[in-house]
Each structure stands twice: as structure tokens, then as C-alpha cells.
Colleague: 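This is the structure I want to talk about, given as C-alpha cells.
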Amino acid sequence: MNVLKIVIVSLFVFKLFAFDLYIPEKYHLKINIKNITIKKYKNIDKINFNNSLALISYNYIPLIFKKNLTIITPLGELKEYILTHKKSLNEIKTIVNPDFASKILLNKINAHYKIVNGDLNSFLKNKIRADAFVANKNIDKGNIYDFPLKLYGIDFNKYFLVSNKKFIKKHYEFIKKLNKIFEKNFDFREDLIYKTLLISSYYLNKPLNFNKILFENYKLVYEKKEESLIVDVTSKWPPFHMLENGHLYGIGIDFWKLIAKKAKLKYKFHLVNSWSDVLKNIKTKKADLTIDTSDTSDREKYALFSKPYVSFPLAIICRNGENFNSINDIKSIALGKNYTAEKLMKKHYPNLNYIETNTTFDALKLVKEKKAQCAVDILPVILWTINKNHFMNLQLAFKTPFDFNVQIMVKKNSPGLVAKINRAIDEITPQEKNQILKRYLNTVIVEKRNINDYTLLEILMGIIIIVLIIVFISRYKFKKIKKEAFYDELTGILNRRGLLDKIKNIKNGSVLFFDIDHFKKINDIYGHEIGDYVLKKMGEILKNTFRNSDIVGRWGGEEFIVILSDTDYENALKLAERLRKIIETYYFKGIKITISVGVSEYKGHLAESLKKADEALYEAKNSGRNNIKGKK
């Protein structure tokens, strides 16, 4: 038996009436409310809505229109797939288990299919003659294509609490309270209802009046959502957002104002105390978005992200006199709690000792007071904070090899908003971007004071910072040119030319040659934007999984190579299996990704090793994929 949810609540009602709440026969629901009796139905046509409510599925949407029922509470999200042996939905001739939602799609693109009977197991084993099967889950099987209905715009609510207008009017106050209970205790999805009704009314050729079909209490929720977006920010991350005389300004603030203007978005800034509060409000959907952060695997579970609108490296600042050969030699490093810098550092340097602080200023103060060796944050923030607070005994020790991509984080279930923001970011001109950056990065050096007010030490400090920025920009431009020649732009790892250049330094070892299983299918179903996302994450996984002495690169398309220095064949097989498991369990926005790997020895001749690894990869694919094969 499927369980919707067991909810035990107490709600006072007058004893002058009693009524029934009907639920589907195969589901279980328990609500402890006086005078409500839970009943199960097989045939919904027999329900008397003059004295009852019902919890019905999306399959009964035609009945809602036919009987002029009112939707009190929309619940859940339909997750449905058309599984097929065919590469295109247009090729489907016979299908098992189609329902209302799948028929909307099929009837518009392929009206000549036939319905046959059968179960999923029989379909997968080819025991029934059918081209397709409608299921509530995708299947990871080589010869099966899974087409999610959501990809084609069929993004529906799964359930609805309904009754008729006469019943609702008679018991209006009670229905309002009951609606609140369902909203609180179930998966209340008001964001899907309008799309559900619009598509359904078009398909059924029925007139649609939202004021009549939706319960009044719900309409107020929708109207509120049409108001200004709530944009959460703090005032404690200069020069990205700062507060002066009640006025917010900064790099992030100005970029957001420009983006919102181009996207024609209404918004209100909501000032909170800390970055942790911002994350909490996005997660609980109290805020719609925040304007300058970066995507991490934990945040992707509850938020969506725009494309970057600007990028900077992280800067590691240490006390004068502290000398380190590498970042890994630092014994203690201070940084903002839950900051993106913390996420990036712990991802790339997991073995360092980190000291969490509330702000970047607090982190630098610990360094100044010798309570931490170094501090880290995005470069403009570090330089701004040093200059504005006159930290004179600090030096720029390292710039990280990876960048902080500044993005807009949007609460989950707002893909339309992200699309609008991305289009606006694409419209930002280089002149507009430079104008904002110069406005604040120049003021890292120049303050609004008379030159006579500066001490000699402050002037020298200003000159040093200018020199550091010039040196940084020069080195950055040189490295950028070199990076474009030897590194893959999308994944950030070596390209084929870079691999061939780096391998000259390795005499013995092993080669892992792998590609992503069914990558073309990922592009076909989810689009090239998701395909690029998978490739980008694959590059990050490779960089974080192998040693600095190993070489990782993208050979082309969805093919990748790892050259393991001083690693014998047997250990290479173990490392390949470790990589396979990491990728199989990694969270790729809910999409299951696997790889097939070919392993071979390397003894100074790449062409020979690649030939063997390629043959092993071919064998791995023919063995069902998602496995490892080797050839010495």
C-alpha cells in the first residue's frame, strides 16, 4: 500500500455537520479531525461532492472541468517517463499504461499509436509487443530511452484536494483551516498549478477561469507571488554589498540592478545579519534569490544557479614573514563560515586546518593577531578589506588556481526566473561590466580624503597594492593565453594538446581511458546545457580525485584520459573502479551518470597505450557499460 502521509492534527469544528474525505483506494491517509470520515473510492463518479471532499490525482483533471469542481490545495509534482526502444517519440506505434498526462504529449506529436496491456517487467524483457511504457521512474538500461514528460513542458501537480462550490461556500471557514493543514503537512506545490490547468484546458478544449476553479485562499497566495522578488543580502561583504546611510551599493548590488533592469524584474532587497541567514532563507523559500555566490553540490539540492556574470580567483593573505612553498603547507587558515570560499577551499584542500569566522574582516583580524596564519576570500574582498581597515602587516601569499564564479542563486522550482536572468547576463556588454568593476576596484586604492591626510605608510601601502594588482593582472593575462592553448574551456582540465605536452614528463605508469555512458542520450533528453553541466562536473571530479603528479584531461567529446604516474597495472584497475563508484554516486542534478573505463599500462609510448586502453573501453561498453576492463 502506498502511503501519501500520515498526519495527525486536531481541528475544532462545529458538531452541526459531518462529512467524508475520499482518498484513492490504494493510498493511506489518517487525519484526526472531528466529524471527518476517511473513505476510499474506486469510482469517483459515485462521490457526492455536496457533502464531501476528495483527494484526486492528475488523471481526474477532465472530471474537474466536467463537474466544475474547485481545487482547494494543489499537491506534489508528477514525475513520469515514457520508456521506449525507439529513439524518437514519433516512432512509437504501441504503448502500455498511458494516462492523461502522457496522452497530452503523445496525441500532439504522434496521434496514431495503439494502447496495449502489460506490466513493466514484461515490457523490459520484451515479452509483450509494445514500443513504449509509461512509468513513474526512469530505467538505467542500455537499450531503453527514457523521455521525461517534464522535458516537454508537461510539469503537473500530482494530486488535488477538491470539492464543489456549494460545499465550500457552506463550510468556508473550515475549508480555509483544512487547506492550511494540507499546505503545511504535504508537498504543497502552488508553482505548478497554473501550468497544469493551462495545458489541460487547451488539450480538453475547455474554457478556463482561475477565479472559479481555484479556492479563494489559494488565489491570495498566487497574487502575492506576483509581487516583487525578495532579494536577500548582507551588508558585511564589501565591495560586493555595503550599506551607507540606508543605501545598499557594491559590485553585486550594481550587477543585480543591471540584470534586473534588462530582465524587467521587480524586486525588494531584504537585509539579513549573516550569510548563513541568506542560505537558510533561500532553502526555506522565504527569499527568492541572492545575488553573488557560486554553486556547490550541497546548495544544488535546494537552489538553482544562473550562469556566472563575473569571475575572480581566491586570494590567500598571510602575515609578513610567513613563507610557504605551497598552500598545503599552511597550518591554519581563517575564512567566513558557509562562505563560498570555504566550500571551494575545503573541496580543493580538504586537509587544511580551517578556522570559521563571521566575516572576512574577522578572518583578517585573526591573522593580524597571530591567531591564524592566513585568511582567504575572493580577491576584491580581500584587497578592499585590507585597504579600508589598514592591515599593514599582511601580504598576498597565493592566488588559487581555480576561480570563484559569481552567480545568482535562486530558490528551487524557479527555472523560468533563472532563464530570464541568464538572458539578461548575456546582454551585459563589456563596457557595462568594466564600468561596474572600475567603480569599486579603483576605490580599493583611492579614498575620499585629502592627500595631506595620508601617512607615508598608507601611501606606500597603496603603491604596494597597485603593484600587486598590476602584477596579478599581467600574470593572469599570460596564464589565460597559455590556458586557452592547453586547457579545455568547458571543463577546466587539459585538452588533447595539453595532454600530449604534459605526458613528456612521465616515463612509466598506467592509462585510464573512459567515456560517459549514453552521453548522446543525455543531450537528446535534457538538452546541451545539461550535457555541458555534466562535462564540467566531470572535470571537477577528476581534478579532485587524482594526485598532482597525475595528468587528467579531456580527449574530446565525452572522452577523458587519466595518466597515472608510477602506478602499476593492478593499482590502476583499483583506481579506475574507485573513479567509477565516485561518478555513479555523484549528484548530477538528479540525473544518473555512469562511465565505462579501459585500462592499460604506459611505458613511454602513448599511442600504443591508448590503442590498448581503447580496445579495453570497447569491451567495457559491450559488457553492459558502467564497468572496468583492462588490457596490458
Colleague: Considering only heavy atoms from C-beta outward, does the side chain of Ile104 approach that of Ile199 to under 4.5 Å?
Modeller: yes
Colleague: Nearest 0.5 angstrom please: Ile168 CD1 to Leu53 CG, how far?
Modeller: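 Between Ile168 CD1 and Leu53 CG, I get 7.5 Å after rounding to 0.5 Å.
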Colleague: Return the set of residues passing salt bridge (charged side-chain N to carboxylate O under 4.0 Å, His left out) with Glu80 (not counting sequence neighbours), or none when no residue passes.
Modeller: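 Partners of Glu80 by the salt bridge (charged side-chain N to carboxylate O under 4.0 Å, His left out) criterion come out as none, since no residue qualifies.
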Colleague: To the nearest 0.5 Å, what is the distance between CG (Leu335) and CG (Asn338)?
Modeller: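 Between atom CG of Leu335 and atom CG of Asn338 there are 10.5 Å.
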Colleague: Using the ring of each side chain (for Trp, its six-membered ring), is Trp384 parallel, tilted or perpendicular to Tyr440, with breaks at 30° and 60°?
Modeller: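 Rings of Trp384 and Tyr440: tilted, as their planes differ by 30° to 60°.
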Colleague: How many angstroms lie between CG in Leu21 and CG in Leu161, if you round to the nearest 0.5 Å?
Modeller: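 Going from CG on Leu21 over to CG on Leu161, the span is 6.5 Å.
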Colleague: Considering residues, nucleotides and ligands other than Glu369, do more than 12 of their heavy atoms fall under 6.0 Å from its CD?
Modeller: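 Enclosed: over 12 neighbouring heavy atoms sit under 6.0 Å from CD of Glu369.
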Colleague: What residues, two or more places apart in sequence or in another chain, satisfy salt bridge (charged side-chain N to carboxylate O under 4.0 Å, His left out) together with Asp362?
Modeller: none
Colleague: Calculate, to the nearest 0.5 Å, the distance between atoms CG and CZ belonging to Asp403 and Phe312 respectively.
Modeller: 9.5 Å
Colleague: Between Ser332 and Asn353, is there a side-chain donor-acceptor contact under 3.5 Å, judged purely by atom types and distance?
Modeller: no
Colleague: How far apart are the C-alpha atoms of Phe188 and Phe182, what are their side-chain angles, what is the distance that settles it, and do they pass the ring-ring contact (aromatic ring centres under 6.0 Å, His included) test?
Modeller: CA-CA 7 Å; Phe188 175 50; Phe182 272 80; over 10 Å; no
Colleague: Which heavy-atom pair separates Pro239 from Val381 by the least distance, and what is that distance?
Modeller: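 Looking at all heavy atoms of both residues, the closest pair is CD-CA, 3.7 Å.
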Colleague: Show, in sequence, the C-alpha distance, side-chain angles and deciding distance for Phe215 and Phe160, and conclude whether the ring-ring contact (aromatic ring centres under 6.0 Å, His included) test is met.
Modeller: CA-CA 11 Å; Phe215 179 54; Phe160 311 92; over 10 Å; no
Colleague: May I ask you to check whether Ser294 and Gln407 show a side-chain donor-acceptor distance below 3.5 Å?
Modeller: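 Ser294 vs Gln407: donor-acceptor pair found between side chains.
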Colleague: Is the distance between the ring centroids of Phe174 and Phe167 less than 6.0 Å?
Modeller: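 They do not qualify: ring centres at least 6.0 Å apart.
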Colleague: For Asp254, run the salt bridge (Lys or Arg N to Asp or Glu O under 4.0 Å) check against Lys433, Arg439, Lys261 and tell me which one passes.
Modeller: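 By the salt bridge (Lys or Arg N to Asp or Glu O under 4.0 Å) criterion, Asp254 pairs with just one of Lys433, Arg439, Lys261: Arg439.
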Colleague: Please confirm whether Phe269 and Tyr267 have ring centers closer than 6.0 angstrom.
Modeller: yes
Colleague: Of all the heavy-atom pairs spanning Ile436 and Leu258, show the shortest one and how long it is.
Modeller: CD1-CD2, 4.2 Å
Colleague: Given side chains that start at C-beta, do those of Ile193 and Phe156 come closer than 4.5 Å, heavy atoms only?
Modeller: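 A side-chain contact is absent here, since even the closest heavy-atom pair is not under 4.5 Å.
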Colleague: Within this structure, what is the CG-CG distance for the pair Asn393 and Leu364, rounded to the nearest 0.5 Å?
Modeller: 10.0 Å
Colleague: Run through Asp426, Asn422, Asn405 and flag the one making a side-chain hydrogen bond (donor to acceptor under 3.5 Å, both in side chains) with Lys307.
Modeller: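 The passing option is Asp426.
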Colleague: Taking the ring centre of each residue, are Phe391 and Phe361 less than 6.0 Å apart?
Modeller: yes
Colleague: Could you report the tightest heavy-atom contact between Ile582 and Ile541, atom names first, then the distance?
Modeller: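 Smallest heavy-atom distance, with atoms named: CG2-CG2, 3.9 Å.
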Colleague: Output, in order, the C-alpha distance, side-chain angles, deciding distance and verdict of side-chain hydrogen bond (donor to acceptor under 3.5 Å, both in side chains) for Trp275 and Asn358.
Modeller: CA-CA 8 Å; Trp275 175 242; Asn358 290 325; over 6 Å; no
Colleague: Once you round to the nearest 0.5 Å, how far does CZ of Arg423 lie from CD1 of Ile421?
Modeller: 10.5 Å
Colleague: Tabulate below the donor-acceptor pairs under 3.5 Å that side-chain atoms of residues 529-540 make, not counting sequence neighbours, or state none.
Modeller:
residue : atom : partner : partner atom : Å
Tyr533  : OH   : Glu300  : OE1          : 3.0
Glu540  : OE1  : Lys347  : NZ           : 2.6

Colleague: Compare all side-chain heavy atoms of Phe240 with those of Val233 and state whether any distance is below 4.5 angstrom.
Modeller: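 No, side chains not in contact.
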Colleague: Would the number of heavy atoms belonging to other residues, nucleotides or ligands and lying under 6.0 Å from NZ of Lys257 be above 12?
Modeller: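 Count over threshold, so yes.
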Colleague: Please check if the side chain of Arg319 supplies one atom and the backbone of Val367 the other of a donor-acceptor pair under 3.5 Å.
Modeller: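 Side chain of Arg319 to backbone of Val367, a donor-acceptor pair under 3.5 Å: yes, one is there.
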Colleague: Between Glu356 and Lys346, does any NZ, NE, NH1 or NH2 come within less than 4.0 Å of an OD or OE carboxylate oxygen?
Modeller: yes
Colleague: When you look at NZ of Lys280, are more than 12 heavy atoms from neighbouring residues, nucleotides or ligands closer to it than 6.0 Å?
Modeller: no
Colleague: Examine the side chains of Asp292 and Tyr309 and answer whether a donor and an acceptor come within less than 3.5 Å of each other.
Modeller: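 Their side chains do not contain a donor-acceptor pair, so the 3.5 Å distance test is not met.
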Colleague: For Thr340 and Arg299, test the side chains for any donor-to-acceptor distance below 3.5 angstrom and give the result as yes or no.
Modeller: yes
Colleague: Evaluate the side-chain proximity of Thr400 to Met345: yes if any heavy-atom separation is below 4.5 Å, no if none is.
Modeller: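 Contact flag for Met345/Thr400 side chains = yes.
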Colleague: Run Glu432 and Lys262 through salt bridge (charged side-chain N to carboxylate O under 4.0 Å, His left out) and show every step you take.
Modeller: CA-CA 12 Å; Glu432 289 172 327; Lys262 290 179 180 292; 3.4 Å; yes
Colleague: With side chains defined as the heavy atoms from C-beta onward, is the minimum distance between Phe65 and Ser200 less than 4.5 Å?
Modeller: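 They are in side-chain contact.
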Colleague: Take Leu279 and Thr293, measure what side chain to side chain contact (heavy atoms under 4.5 Å, CB included) needs, and give me the verdict at the end.
Modeller: CA-CA 10 Å; Leu279 293 177; Thr293 183; 5.6 Å; no
Colleague: With distance as the sole criterion, is a donor-acceptor pair present between the side chains of Glu342 and Tyr354 under 3.5 Å?
Modeller: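 No, Tyr354 and Glu342 have no side-chain donor paired with an acceptor closer than 3.5 Å.
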Colleague: Only one of Lys158, Lys412, Arg189 clears salt bridge (Lys or Arg N to Asp or Glu O under 4.0 Å) with Glu77; which?
Modeller: Arg189
